[in-house]
A.B. asks: 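Please read through the structure below; I'll follow up with questions.
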Amino acid sequence: MSSTNAAIKSPGLRSLRLQEGGLLIVIFILGLLLTFFGGTVKVPVFETNAQGERERVFRTNAQGEREPVVAEKNKFLNAQNLAQLAKDTSFIAIMAIGATFVIISGGIDLSVGAIYALASVLGAIALQRFGPDGPHAGASPWISIPLGILACVGTAVLAGFLNGGMIVALRVHPFIITLGTMAIFRGIAFVITKGQSIGGFPQAFRDLVRWEIGDGLSLVPLVVMLVVTIIGGIYLSRLATGRRIYAIGGNELASTYSGIRVNRVKLSVFIFSGLTAGIAALLSLGYYGGATSGDGQGYELNVIAAAVVGGASLSGGKGSAFGALLGALVIQLISTGIVILGINQNYSQIIIGAVVILAVVLDQLNNWLAKRRLLAN
Amino acid sequence: MAFLAFQRITKRFPGVQALDGVSFEIERGSCHALIGENGAGKSTLGKILAGVYTADEGEMVLAGKAIAPANPLAARHLGIAMVHQELAFCPNLTVAENLCLGDLPGHAGWLDRRKMREQARAMLAEIDCDIDVDLPINLLSTGQEQLVQIAAALGTQANIIVMDEPTSSLSVKESENLFQLLAKLKQRGITIIYVSHRMEEIFRLCDHITVLRDGRHVATEPISVSSPDRVIQQMVGREVKQYTSQHLQKNLGEEMLRVENLSSPGKFSNISFTLRAGEILGFAGLIGAGRSEVAQAIFGLDEAATGKVFVRGKELPLGSVNASLAAGIGLLPEDRKRLGLVLTMNCRENTSLTILSRLSNFGFVRQREERSLVQSYVERLHVKTPSIDSSVAGLSGGNQQKIALAKWLARQCGILIVDEPTRGVDVGAKAEIHHLLDELACQGLALLVISSELPEVMNLSRRILVMRQGSMVGELPRNDFSQTNLMRLMAGVEAKAA
């Protein structure tokens, strides 16, 4: 592709070619590596019996003994593992998209992990009341599930609103405000639960989130992640409000001088960040069936790391939703890879830390090369 | 033999050939002017000499030796220093700390504050300057900061000083002080390379002049054989006609803006004036007279402002940009990089920033319409850009200013305030912007032009208001326009006494 062609293309496409293209290649290579070097694993074969239950398949071997039938599968490239990978990625990816909104606007949100915990806990308390041991046991799922969602996501949105509202009203740097609320939100979650785990949700809710297309493949988190990515991507690239987020991150003063209501935009990005934490919390509630105030400890750093690996610039004005998804995927692939390749778990933090730095350095190298290419023409 | 020679210097930036085989020589102890339109490459050449950039091809010969400073520090060691417009110091540290930063006096790691202050005072005394060395740099005016930069340059035994547009944000008095200082430096045998747009200054200060055009060398000659007209011709490669404003022939329309007793504590007080459709009202005054602040208050950026502003007879609530925008007021701010443009975005996104709501359905930007609209403004304003999706950061000053202006044209406001519309803009683009402002007035826009360049306000305006130290000190009708009249009002009592 010649550079003149690139010049007419929309900037969205061009940055896709540079930033996300690189990440896609990295993900592809990582996938290949894990497929070839991950080795194989023996898994028991299941089938559905006449009563509609899943049970293991047995056969009689040459010695006349009954033994379970096993199939050999690639350790990495098998449907269960990929669905597991998608689920593990989804929590961080969904929140990384919210964080990307904040980072593009030139801010930072350290409280997402705490919002996740608080939303989980409050959602769990609401759901528990409709659970088998709750006071409203047996209520229609048409009432219990929406109320649970409302409690969980509503809490998170409210927390995001408080973050944004304080940042705008008190004119304090987002780092400070969210550093404070990080402790406050988690503290509230702890006080409410008295440190206890909360579980016992209505089966309908759990079935909804853990809904499987068969063979243990649960794709709800994956679908939710893709939907959030698409909505976030459209918001950023096609909506006027998305453009305004890039503008205030690029130059807040010039945005004010252009009549952009900077405070409104700031408030909106923190609400969005809270919302994504709430969605992730909701998925985890359904998936794990319980919540404690310690949930999501340290998530804020993973989330920011994913956003940054995905190309968001901490100085503002740069980033994309799709990039955040890919960034989260790269990080998850690496942690999965460490397990599959049998590398000592103790090294995983070191490796992931190095990857974050490497990604940013590569991004800078990429920018430098693009500049050189422009020069050469 | 020449003291300093540039030989076939070539430098490319993304999408731009900044310098193309530039060769000329500079004599020892001379004040050598470097002039050209914006984008002609004069600042780039200065920065190559000072080690900020390195040349792609060609070499520089200093006193018979080839030099290629890789960074500003290397250039300092060769005795070359540059006085920048941009901040060259740590703004949070004091004058003394900045001046001694390269070689802090001390004992065993402990900073000797007394000695540091003495050294700094001595350095400032060299240029007869008595700034308090304990002030942090960010409390100094631009002019004072420049003096500190010069003191720092001399302190490192510089014998070549590159001055990049030194007077572009200085007041008249500060400029005058600077000229006297430069004359003294010249007497001491220091070679000065003076990069500027301003013809008067060059003809007053310099002995030689080099003209660049589009990255190429056009002429180097003694100032005695040159003349401003000749230089302008060399710069643009054609005759520039003095532009006569067309809007003056037209009749004025209804009253668009009436300002009554507008005040803001500490900034300005009791500003009253009216502006009619089709009128260009000039706003003159020295730097710091409060003109930009008045403009910001009318645009709703000053929450502390009191008084009354009426747009088409309706009172405008103060302190709300959105109310001002809704009333049809636009403001082209003075500092385009800081206030006018989002440099991380491209030309299209910058231009449509003021009209996003208008360009969208249910929040979705109508992209095709956006592109065609921006394209039409880019063509109308002759913005030189590879495409509307090119980064605005890569454009020259004149073209950036056109994009900043296109934003407001796209908004189609009835009242447009332009603050220093042609600062740091080359001769060609300047004429185009003047022409455009005139055209807008002919179409019935009400324009308020704030400018520190007297010929500019005089050429464009129907009336000129003069501000001094936050107050309105006079209003001149077009018949009374003269530089002397304006200067007298701008400088106030001092000028009368002189």
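We use all heavy atoms of the structure for the numbers below, so side chains are in, but hydrogens, waters and symmetry mates are not. Order of the sequence lines fixes the chain letters, A, B, ..., with proteins taken first and strands second; residue numbering starts at 1 for each chain.
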A.B. asks: Which answer fits B:V342, side chain, backbone, both or neither, if we ask what part of it has an atom under 4.5 Å from a heavy atom of chain A?
C.D. replies: both
A.B. asks: List the atom of B:R348, the atom of A:R243, and the distance in Å for their closest heavy-atom pair.
C.D. replies: NH1-NH2, 3.5 Å
A.B. asks: Please flag which part of B:F364 lies under 4.5 Å from any non-hydrogen atom of chain A: side chain, backbone, both or neither.
C.D. replies: both
A.B. asks: Checking heavy atoms, do the side chain of A:I234, its backbone, both or neither come under 4.5 Å from chain B?
C.D. replies: side chain
A.B. asks: Is it the case that atom CZ in A:F161 sees more than 12 heavy atoms from other parts of the structure closer than 6.0 Å?
C.D. replies: no
A.B. asks: Is it the backbone or the side chain of B:L339 that comes under 4.5 Å from a heavy atom of chain A, or both, or neither?
C.D. replies: both
A.B. asks: Quick check on the interface: out of B:L325, B:N322, B:V321, who has the most heavy-atom pairs with chain A under 4.5 Å?
C.D. replies: B:N322
A.B. asks: Taking atom CG of A:L239 and atom CG of B:N361, what is their separation to the nearest 0.5 Å?
C.D. replies: 11.0 Å
A.B. asks: Please check: side-chain N/O of A:N251 versus main-chain N/O of B:T344, any donor-acceptor pairing under 3.5 Å?
C.D. replies: no
A.B. asks: I'd like to check the salt bridge (Lys or Arg N to Asp or Glu O under 4.0 Å) partners of A:R244; sequence neighbours left out, ordered by chain and number.
C.D. replies: none
A.B. asks: Chain A heavy atoms under 4.5 Å from B:S352: which part of the residue, side chain, backbone, both or neither?
C.D. replies: side chain
A.B. asks: Applying a criterion of heavy atom separation less than 4.5 Å, what residues of residues 254-267 of chain A form contacts with chain B?
C.D. replies: A:A254, A:S255, A:T256, A:Y257, A:S258, A:G259, A:I260, A:R261
A.B. asks: Counting only heavy atoms not in B:R216, do more than 12 fall under 6.0 Å of its CZ?
C.D. replies: no
A.B. asks: Based on non-hydrogen pairs under 4.5 Å, which of B:L359, B:L341, B:L331, B:I355 is most in contact with chain A?
C.D. replies: B:L341
A.B. asks: Please indicate whether B:R8 has more than 12 foreign heavy atoms, meaning atoms of other residues, nucleotides or ligands, lying under 6.0 Å from its CZ.
C.D. replies: no
A.B. asks: Taking side chain as everything from C-beta outward and backbone as N, CA, C, O, which of these in B:T354 sits under 4.5 Å from a heavy atom of chain A? Side chain, backbone, both or neither.
C.D. replies: both
